[in-house]
Amino acid sequence: MRKLRLILGDQLNSEHSWFQKTDENTLYVLAEMRQETDYVKHHIQKVVAFFLSMRNFYTYIKSKGHKSIYFEISDIENPQNLEKIISKCIQKYKIQKFEYQLPDEFRLDEELKKICSNLTIPSQAFDTEHFFTNRTELSEFFQGKKLLLMENFYRYMRKKHHILMDGSTPLGNQWNFDASNRKKYKGEVAVPSEKKFKKEVSEIVQQIREAEISTIGNIELNSFSWPTSREQSLEVVDYFCKNLLKHFGDYEDAMHTDEKFLFHSRLSFAMNSKMISPKEVIEIVISYYHKNESNITISQIEGFVRQILGWREYIRGIYWKEMPNYAQMNVLNNTNKLPDFFWTGKTKMNCMSHAINQSLDDAYAHHIQRLMVIGNFTLLMQIHPDEVDAWYLGVYIDAIEWVELPNTRGMSQYADGGIIATKPYVSSGSYINKMSNNCAKCYYNVKDKFGEKACPFNTLYWNFLDEKKEYFKGNQRMGMMLNMLNKISPEELYKIKIKANEIIENMDSY
């Protein structure tokens with residue numbers, strides 16, 4: 001039977017059982033498509049990273065003897081559409097069965113189901129063999145429960161997969177060392193440079209430009225540093241273990257204007273494209289930890305494992321549990337537009353300038369920059385979650401909808417009404433001052449609420465609480481904040497709201 005097997009751009013798993021043996025009657029197809037480059041405006045580095053990784057994967061499976069076909073973005077024969085590509089290959093190669101791996105995006109899952117229903121040949125879907133969980137495991141775990149607490153799911157995952165466990169007891173006699181992962185970085189220890197590959201990408205960028213694909217962000221044509229093969233991805237894991245793990249947990253929530261990456265692994269693109277699996281990453285890192293327990297503490301490794309085994313699997317489970325309605329949720333009825341400086345980085349707010357310019361320059365910002373600087377600001381500004389989603393999905397190299405949407409619309413914007421977060425992640429400038437050095441050299445005064453140079457985070461924070469107080473009045477975790485709001489005199493609150501309205505209406509001048 002002549003089979004056609006589809007490989008999507010985020011399914012570059014060379015360890016998949018599909019590739020354990022070669023078959024003359026099996027043809028693999030990979031395609032760069034305008035369908036995928038155009039559904040949102042992506043960062044140029046994101047497009048380059050996916051195209052390069054797909055091409056490297058194609059070269060690899062061909063070298064192993066697998067029959068394969070590849071459509072580059074500039075190929076005249078490329079239909080640029082998934083259904084047309086599948087139909088074209090079925091007809092040209094007289095295919096008798098179509099197979100695909102389950103997509104991780106709802107829209108592609110629906111599209112492939114529809115495509116298969118219209119085929120006149122049999123079709124079959126396979127697991128990607130990547131995640132620790134299947135799509136429904138989280139839903140089954142939380143069945144009948146009102147609160148979908150990540151911590152409960154994380155402990156279940158630790159026990160089930162016996163990770164960082166001593167029998168039934170967590171290593172270190174503690175499940176979570178999050179309280180130890182909140183240090184402000186003050187230059188106490190040197191931060192090693194990130195792992196770089198310095199690849200030449202001018203040719204592929206030229207292809208993208210000639211195809212007139214609209215992108216955002218910047219790229220260095222002679223030193224593209226993201227991993228785009230399994231071998232390079234494993235090098236990044238090794239580099240993280242030897243150079244960054246020792247201090248990862250301590251400073252995983254810290255921000256510093258001179259250190260864009262601090263001790264973060266920058267493995268998210270490699271994992272989200274499936275060039276490497278979460279299981280092997282965790283196994284490698286834990287093995288290194290056990291060999292170096294004399295100089296790496298349990299809080300460093302637990303913080304890393306929690307992000308992958310806990311949060312990553314949890315977020316995916318929430319996505320499949322709540323879609324498709326999740327993508328339309330906006331319980332706080334926020335309607336404002338993104339400021340123009342999200343596309344230029346031009347703002348006098350030091351924390352926002354650094355976080356956004358870094359995002360535009362590197363297609364990357366770590367989780368606290370995304371949550372407590374950019375996400376915090378967009379929620380305080382009461383920006384429509386559709387606008388926030390589109391920006392996050394486009395600008396970050398690791399942003400695929402299954403991971404971006406729950407993190408942005410849920411965790412960051414509270415648009416889901418508390419499915420993920422029990423309270424909105426908002427703060428005044430004091431949190432940013434506590435966790436970074438941004439405020440020391442900022443144009444604005446982090447301690448001022450409504451003066452000429454008042455920190456916009458302060459003004460917007462109190463205005464947000466006042467605007468949404470009716471919605472949150474029954475939320476116990478918001479009680480202390482709302483009590484503090486009630487202690488502000490009417491005269492002071494009036495000044496805050498006048499200032500907040502001015503900021504919201506004239507955001508691009510701030």
Side-chain angles (χ1 to χ4, degrees), residues 4-13 27-58 68-93 95 98-119 123 125-126 128 204-217 228 269 272-275 319-320 323-324 327-328 363 386 389-405:
L4 177 69
R5 284 178 168 174
L6 172 70
I7 306 290
L8 295 172
D10 65 342
Q11 295 178 342
L12 310 181
N13 178 9
L27 175 68
Y28 293 91
V29 60
L30 294 94
E32 300 163 7
M33 294 178 283
R34 291 304 296 261
Q35 169 187 318
E36 295 305 297
T37 60
D38 296 1
Y39 72 91
V40 71
K41 188 180 285 192
H42 298 286
H43 198 294
I44 181 63
Q45 291 186 44
K46 184 180 182 183
V47 181
V48 167
F50 271 103
F51 284 7
L52 272 180
S53 300
M54 290 167 68
R55 294 178 188 190
N56 287 336
F57 184 82
Y58 166 68
S68 312
I69 184 170
Y70 194 96
F71 292 95
E72 290 191 2
I73 196 70
S74 56
D75 288 348
I76 297 174
E77 297 293 315
N78 185 348
Q80 306 288 349
N81 170 276
L82 190 55
E83 185 170 19
K84 291 178 181 177
I85 285 168
I86 292 167
S87 177
K88 183 185 181 80
C89 290
I90 287 173
Q91 291 177 28
K92 183 174 181 179
Y93 299 101
I95 297 299
F98 172 63
E99 297 179 346
Y100 67 96
Q101 294 177 26
L102 289 169
D104 287 310
E105 290 201 345
F106 184 85
R107 65 182 177 86
L108 287 172
D109 193 56
E110 291 293 297
E111 183 178 5
L112 278 161
K113 285 178 185 175
K114 183 179 178 182
I115 290 170
C116 290
S117 70
N118 292 329
L119 293 178
S123 60
F126 292 78
T128 58
I204 197 167
V205 169
Q206 186 61 27
Q207 271 188 298
I208 291 165
R209 288 174 178 161
E210 286 177 357
E212 298 183 345
I213 295 171
S214 181
T215 62
I216 57 175
T228 52
F269 172 73
N272 290 357
S273 59
K274 300 184 181 61
M275 292 186 288
Y319 179 80
W320 285 107
M323 285 295 282
Q328 281 77 49
D386 285 355
D389 274 338
W391 188 82
Y392 273 82
L393 184 58
V395 80
Y396 293 120
I397 196 166
D398 53 15
I400 301 171
E401 191 186 69
W402 69 265
V403 68
E404 176 276 324
L405 186 66

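This structure is a prediction, so every number in the text was calculated from the model and none was measured.
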Check your understanding: What's the shortest heavy-atom distance between H43 and T215, and which atoms?
Key -> C-CB, 4.4 Å

Check your understanding: Does Q101 reach the side chain of L8, with side-chain heavy atoms less than 4.5 Å apart?
Key -> no

Check your understanding: Is the shortest heavy-atom distance from the side chain of T37 to the side chain of F51 under 4.5 Å?
Key -> yes

Practice item. Would you mind reporting whether F106 and W402 have side-chain heavy atoms less than 4.5 Å apart? Key: no

**Study point:** Non-neighbouring partners of K41 that pass salt bridge (Lys or Arg N to Asp or Glu O under 4.0 Å), sequence neighbours left out
**Key:** none

Exercise for review: Start with the C-alpha distance between K114 and E111, add both sets of side-chain angles, then the distance that settles salt bridge (charged side-chain N to carboxylate O under 4.0 Å, His left out), and finish with yes or no.
Suggested key: CA-CA 5 Å; K114 183 179 178 182; E111 183 178 5; over 6 Å; no

Check your understanding: Which heavy-atom pair separates A49 from I397 by the least distance, and what is that distance?
Key -> CB-CD1, 3.5 Å

Exercise for review: To the nearest 0.5 Å, tell me how far E212 CD sits from R34 CZ.
Suggested key: 7.5 Å

Review point. Under 4.5 Å between any side-chain heavy atoms of M323 and L405, yes or no?
Key: yes

Practice item. Determine whether the aromatic ring centres of F269 and Y396 lie less than 6.0 Å apart. Key: no

Practice item. Any chance you could lay out the salt bridge (charged side-chain N to carboxylate O under 4.0 Å, His left out) test for E36 and R107, step after step, and finish with the verdict? Key: CA-CA 11 Å; E36 295 305 297; R107 65 182 177 86; 2.5 Å; yes

Practice item. Identify the heavy atoms of P103 and L112 that sit nearest to each other, and give their distance. Key: CG-CD1, 3.5 Å

Check your understanding: Could you state the interatomic distance from CD1 (I400) to CD (E105), rounded to the nearest 0.5 Å?
Key -> 6.5 Å

Review point. Which pair of heavy atoms, one from A390 and one from V40, lies closest together, and at what distance?
Key: O-CG2, 3.5 Å

Review point. How many angstroms lie between atom OG of S53 and atom CE of M275, to the nearest 0.5 angstrom?
Key: 4.0 Å

Revision key, fill the gap. Contacts of Y100 meeting ring-ring contact (aromatic ring centres under 6.0 Å, His included) (sequence neighbours excluded), chain-then-number -> F98

Exercise for review: Would you give the length of the straight line joining atom NE2 of H42 to atom CD1 of I216, rounded to the nearest 0.5 angstrom?
Suggested key: 9.5 Å

Practice item. State, yes or no, whether a side-chain contact exists between D10 and N272 at a heavy-atom distance under 4.5 Å. Key: no

Exercise for review: Verify side chain to side chain contact (heavy atoms under 4.5 Å, CB included) between K88 and F71, making sure each step is shown before the conclusion.
Suggested key: CA-CA 12 Å; K88 183 185 181 80; F71 292 95; 4.2 Å; yes

Check your understanding: Can you check whether Q80 reaches E32 side chain to side chain, under 4.5 Å on heavy atoms?
Key -> no

Review point. Going through the checks in order, is the side chain to side chain donor-acceptor pair (under 3.5 Å) test met by Q207 and S74?
Key: CA-CA 7 Å; Q207 271 188 298; S74 56; 2.6 Å; yes

Practice item. Check K274 against D104 and note the closest heavy-atom contact, atom names and distance. Key: NZ-OD2, 2.5 Å

**Study point:** Side chain proximity check, I73 to V47, heavy atoms < 4.5 angstrom
**Key:** no

Review point. Distance-only, no hydrogens or angles: does the D75 side chain make a donor-acceptor pair with backbone N or O of E72 under 3.5 Å?
Key: yes

Review point. Only one of F57, Y28, Y58 forms a ring pair (Phe, Tyr, Trp, His ring centres under 6.0 Å) with Y70, so which one is it?
Key: Y58

**Study point:** S87 side, atom OG; L4 side, atom CG - distance, nearest 0.5 Å
**Key:** 10.5 Å

Review point. Backbone N or O of L393 within a donor-acceptor pair of the K46 side chain at under 3.5 Å?
Key: yes

Point to revise | N13 side chain reached by T128 side chain, heavy atoms, under 4.5 Å | key: no

**Study point:** Any donor-acceptor pair under 3.5 Å from N81 side chain to E83 backbone
**Key:** yes

**Study point:** Considering all heavy atoms, the nearest D389-E404 contact
**Key:** OD1-OE2, 3.0 Å

Check your understanding: Could you go step by step and tell me if T228 and F50 meet the side chain to side chain contact (heavy atoms under 4.5 Å, CB included) rule?
Key -> CA-CA 8 Å; T228 52; F50 271 103; over 6 Å; no

Practice item. Determine, stepwise, if the pair M33 / L82 fulfils side chain to side chain contact (heavy atoms under 4.5 Å, CB included). Key: CA-CA 8 Å; M33 294 178 283; L82 190 55; 4.1 Å; yes

Check your understanding: Could you give the distance from CD1 (I7) to CG (L12), rounded to the nearest 0.5 Å?
Key -> 8.0 Å

